[in-house]
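Below is one structure, written out as structure tokens; comments come after it.
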Amino acid sequence: MTALAGALYVLMPGPAFLALFSLAAAQGRGAGVRFVSGHLVGDLFWGTLAFAAIIGVNQLGPTLFDLLGIACGLYLCWLGVKALTSKGSTGAPIGAGRPLITGILFGLTNPKAYPVSVAMYTALTASYATSLAWSDAPILMAAAFIGFIAADIILVWAAGLAPVRRVFMRHGTIITRLVGVMFIAFGAKSLWDAGRAMHSRA
């Protein structure tokens, strides 16, 4: 169940999902592999914190996530503006220059990662949660890691399919700019949520 939760967590559409499809479809599966390898760092980091909270060892406060929300919102808005102003016949996909670093940044600056991963793991492992101890954490993370890898393989395979790549190659500029608009929307929502949460506690 933990492996399934890890896979579903990765497969849930979001900014990183869109970035991967745009990048892998435009530049091939190699770039997609580098992106998801970087993103895996964030998956492991937030997954570890989620298990710590579920087991009861640690509970993070809201301020950290508000600050992450602001950082992620600004980052996504910057990426979106960059995509909207891209030039060329195909439009450079987000992360084209440094897919690995971009993947790491996406993974670590996602403010929704912690609450979503806690909710996902708790929902699918609820019947076992009360009996979990910190000694179970390594095997849980190993199972989640298997789920992460399985989902990443599925996503990279799908993004690198010839029909998908043809669509992105033919309409690369339009798709890149549409993704840019979506990134700005995601970023604005993160900034709004973080600002509202901080204001409510002021």
Side-chain angles (χ1 to χ4, degrees), residues 2 4-23 35-36 38-86 93-95 98-99 101-126 129 141 144 147-148 151-152 155 159 175-202:
T2 303
L4 177 60
L8 291 176
Y9 168 75
V10 171
L11 291 171
M12 288 178 64
F17 183 98
L18 295 172
L20 168 63
F21 264 71
S22 178
L23 180 63
F35 179 87
V36 298
H39 199 277
L40 186 59
V41 174
D43 294 336
L44 292 171
F45 175 74
W46 291 112
T48 299
L49 293 182
F51 282 125
I54 292 171
I55 294 171
V57 175
N58 183 36
Q59 186 68 47
L60 298 178
T63 301
L64 172 62
F65 300 107
D66 293 338
L67 294 175
L68 283 171
I70 293 172
C72 180
L74 292 173
Y75 180 60
L76 289 175
C77 286
W78 176 76
L79 287 174
V81 170
K82 191 174 180 181
L84 283 175
T85 57
S86 65
I94 292 171
R98 298 182 301 170
I101 299 300
T102 303
I104 292 173
L105 290 173
F106 265 86
L108 292 177
T109 60
N110 184 355
K112 306 299 182 186
Y114 175 76
V116 169
S117 57
V118 169
M120 185 71 71
Y121 293 129
T122 300
L124 293 182
T125 63
M141 279 310 303
F148 294 156
D152 286 338
L155 289 178
I175 292 172
T176 296
R177 290 177 180 168
L178 287 175
V179 170
V181 171
M182 297 180 73
F183 274 33
I184 291 173
F186 274 114
K189 182 64 164 59
S190 292
L191 291 171
W192 171 259
D193 289 343
R196 187 174 57 179
M198 294 179 76
H199 182 266
S200 68
R201 295 196 304 274

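The first residue of the sequence shown is numbered 1, and numbering continues consecutively from there.
For the pair Leu108 and Gly42, the tightest heavy-atom approach, listed with the atom from each and the gap, is CD2-CA, 3.7 Å. Summarising the geometry of Ala151 relative to Ala7, their closest heavy-atom pair is CB-O, 3.5 Å, with the distance given to 0.1 Å.
Applying the side-chain contact (heavy atoms from CB on, under 4.5 Å) rule to Leu40 yields the partners Asp43, Leu44, Phe145, Phe148, Ile149, Asp152; only residues at least two apart in sequence or on another chain are considered. The side-chain contact (heavy atoms from CB on, under 4.5 Å) search around Trp78 returns Tyr75, Lys82, not counting sequence neighbours. Applying the side-chain contact (heavy atoms from CB on, under 4.5 Å) rule to Leu155 yields the partners Val10, Leu11, Phe17, Leu20, Phe21; only residues at least two apart in sequence or on another chain are considered.
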Start with the C-alpha gap between Leu84 and Ile184, add the side-chain angles, then the distance that decides, and say whether side chain to side chain contact (heavy atoms under 4.5 Å, CB included) holds.
CA-CA 10 Å; Leu84 283 175; Ile184 291 173; 3.4 Å; yes

